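See below for the structure under consideration.
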There are 2 protein chains.
Amino acid sequence: MKILKGHHGNCCCGKIRGFGRRITPARHAVLDTLSTRGEHLTAEDVFKASSRRYPNIGLATVYRTLELFTKLGMVSKLDTGDDKARYEFADGPHAKGHHHHLVCTSCRRIVDYTDFIKEEMDLLRKTEEGLSKKYGFKINSHVMQFYGLCRDCAR
Amino acid sequence: MKILKGHHGNCCCGKIRGFGRRITPARHAVLDTLSTRGEHLTAEDVFKASSRRYPNIGLATVYRTLELFTKLGMVSKLDTGDDKARYEFADGPHAKGHHHHLVCTSCRRIVDYTDFIKEEMDLLRKTEEGLSKKYGFKINSHVMQFYGLCRDCAR
DNA sequence: AACATAATTGAGAACCATTCTCAATTATAT
DNA sequence: ATATAATTGAGAATGGTTCTCAATTATGTT
Ligand SMILES: [Zn+2]
Ligand SMILES: [Zn+2]
Ligand SMILES: [Zn+2]
Ligand SMILES: [Zn+2]
């Protein structure tokens with residue numbers, strides 16, 4: 001497979017190379033998928049969509065790639081309570097910006113919301129600082145998520 | 001097994017009966033375990049501890065019981081990112097009060113904190129209301145959790 | 001107390017998302 | 001072009017959780 005240099009901007013390739021990791025067709029395919037298909041994709045979703053561009057890609061590679069991207073901070077992995085991890089671009093050129101999630105426990109619909117995000121982030125920052133000081137933790141991430149029933153599922 | 005009536009207060013038995021479910025030795029054993037052993041127990045933890053009081057209990061029953069108690073709102077199930085659900089008494093007579101969690105991603109230590117809980121609950125309430133109105137969700141629960149490295153794991 | 005009935009149970013099999021293994025392939029620096 | 005280590009695909013393995021089903025038991029009724 002031909003690798004289109006610069007297709008995703010230099011940010012991603014640079015970031016990958018910066019960690020001594022290689023640019024490969026499989027990684028490009030996953031990158032493509034994450035930027036063109038919607039958000040909150042399961043590994044299976046990513047596998048299927050990436051297979052279209054790069055038919056030989058294996059599911060294990062998709063998992064490894066998503067894990068790598070998550071470790072590099074390019075992707076965020078989220079748990080919505082149904083035993084399947086979901087992935088989306090983290091903040092960055094392809095991302096929507098920082099948001100939190102509202103999840104329907106019946107149909108699994110996921111709403112990205114940014115309402116209140118300012119207050120939430122302020123409180124999170126303040127809390128992180130306080131907890132960090134009091135309990136001696138080096139805090140790396142947080143989860144803030146709401147669960148309920150969407151309009152369709154509620155009636 | 002002898003069932004000690006009232007041992008756990010009438011609240012739990014009443015709640016269980018109120019839903020047309022039966023009081024059984026297995027359920028009592030799980031209730032005992034949850035109230036005497038610490039918090040954040042895995043199903044396996046609950047199984048082992050409950051087996052001491054009631055040797056014939058089966059793992060599947062523990063899962064079913066924890067699921068039931070969670071549905072009845074007596075227990076809360078939490079995910080701390082290691083593919084094993086944890087369980088603890090929810091708010092109510094046996095609970096310490098509502099709290100959030102700080103999780104060490106290395107040693108899996110879990111700190112219950114109540115610092116900032118007032119501000120957090122205020123914001124959560126406000127956010128729930130706003131999201132509920134804007135997106136038409138009937139919100140039932142939330143997760144607010146911090147991940148990081150504890151002092152021992154950080155060095 | 002004995003009965004009827006549906007709920008509950010234990011044991012093990014099944015499930016399924018994810019991780020592991022390993023030989024073959026390939027990106028990258030020289 | 002060559003050497004090297006990283007990466008890969010395929011399938012097996014893992015492990016927490018759920019399912020199946022015949023046997024047992026809690027509970028209300030007689
Ligand atoms: Zn829904
Ligand atoms: Zn999102
Ligand atoms: Zn730790
Ligand atoms: Zn807790």
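Naming: A, B, ... by sequence-line order, numbering from 1 per chain. All figures in this text were calculated on a predicted structure; none of them were measured in a lab.
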From CG of B:Asp83 across to P of C:dC16 the rounded distance in Å is 16 Å
Polar pairs (N or O, both sides) under 3.5 Å between protein and nucleotides 20-26 of chain C?
{"residue": "C:dT21", "atom": "O4", "partner": "A:Arg64", "partner atom": "NH1", "Å": "3.4"}

query = Is it true that A:His142 and A:His98 have ring centroids separated by less than 6.0 Å?
reply = yes
Rounded to whole Å, CG of B:Asn56 lies from P of C:dG12 at a distance of 12 Å
To the nearest angstrom, the CG-P distance between A:Asp45 and C:dA17 comes to 11 Å
A:Lys84 NZ to C:dT19 P, in whole Å, measures 15 Å
On DNA chain D, more 5' by nearest nucleotide between B:Arg21 and A:Leu59 is A:Leu59
Looking only at C:dT18, D:dT7, D:dT17, the nucleotide nearest the B:Ala85 side chain is D:dT17
Check the phosphate of D:dT27 against B:Arg17, side-chain N and O only, distance under 4.0 Å to OP1 or OP2. Yes or no? yes
message: Within the 3.5 Å criterion, strictly below it, is a donor on B:Glu120 or B:His99 matched to an acceptor on the partner's side chain?
response: no
Under a 4.0 Å threshold between the charged nitrogen and the carboxylate oxygen, would B:Asp122 count as salt-bridged to B:Lys126? no
query = Are more than 12 heavy atoms from other residues, nucleotides or ligands located less than 6.0 Å from atom CZ of B:Arg37?
reply = no
Review point. How are the rings of B:Phe146 and B:Tyr113 set relative to one another: parallel (under 30°), tilted (30 to 60°) or perpendicular (over 60°)?
Key: tilted
Between CG of B:Leu68 and P of D:dT17 the distance, given in whole Å, is 17 Å
ask   = Considering only heavy atoms from C-beta outward, does the side chain of B:Arg108 approach that of B:Asp82 to under 4.5 Å?
value = yes
Taken to the nearest whole Å, CD1/B:Ile23 to C1'/D:dG28 is 15 Å
Within a 6.0 Å radius of atom CD on B:Glu129, are there more than 12 heavy atoms belonging to other residues, nucleotides or ligands? no
Ranking B:Pro55 and A:Glu44 by the position along DNA chain C of their nearest nucleotide, the one closer to 5' is B:Pro55
| query | OP1 or OP2 of D:dG16 less than 4.0 angstrom from a side-chain nitrogen or oxygen of B:Thr42, does that happen here? | reply | no
Is B:Thr61 close enough to C:dG10 that one of its side-chain N or O atoms is under 4.0 Å from OP1 or OP2 there? yes
Atom CD1 of A:Ile57 and atom P of D:dA10 are separated, to the nearest Å, by 11 Å
When rounded to whole Å, the OH to C1' distance for the pair B:Tyr63 and D:dG15 reads 9 Å
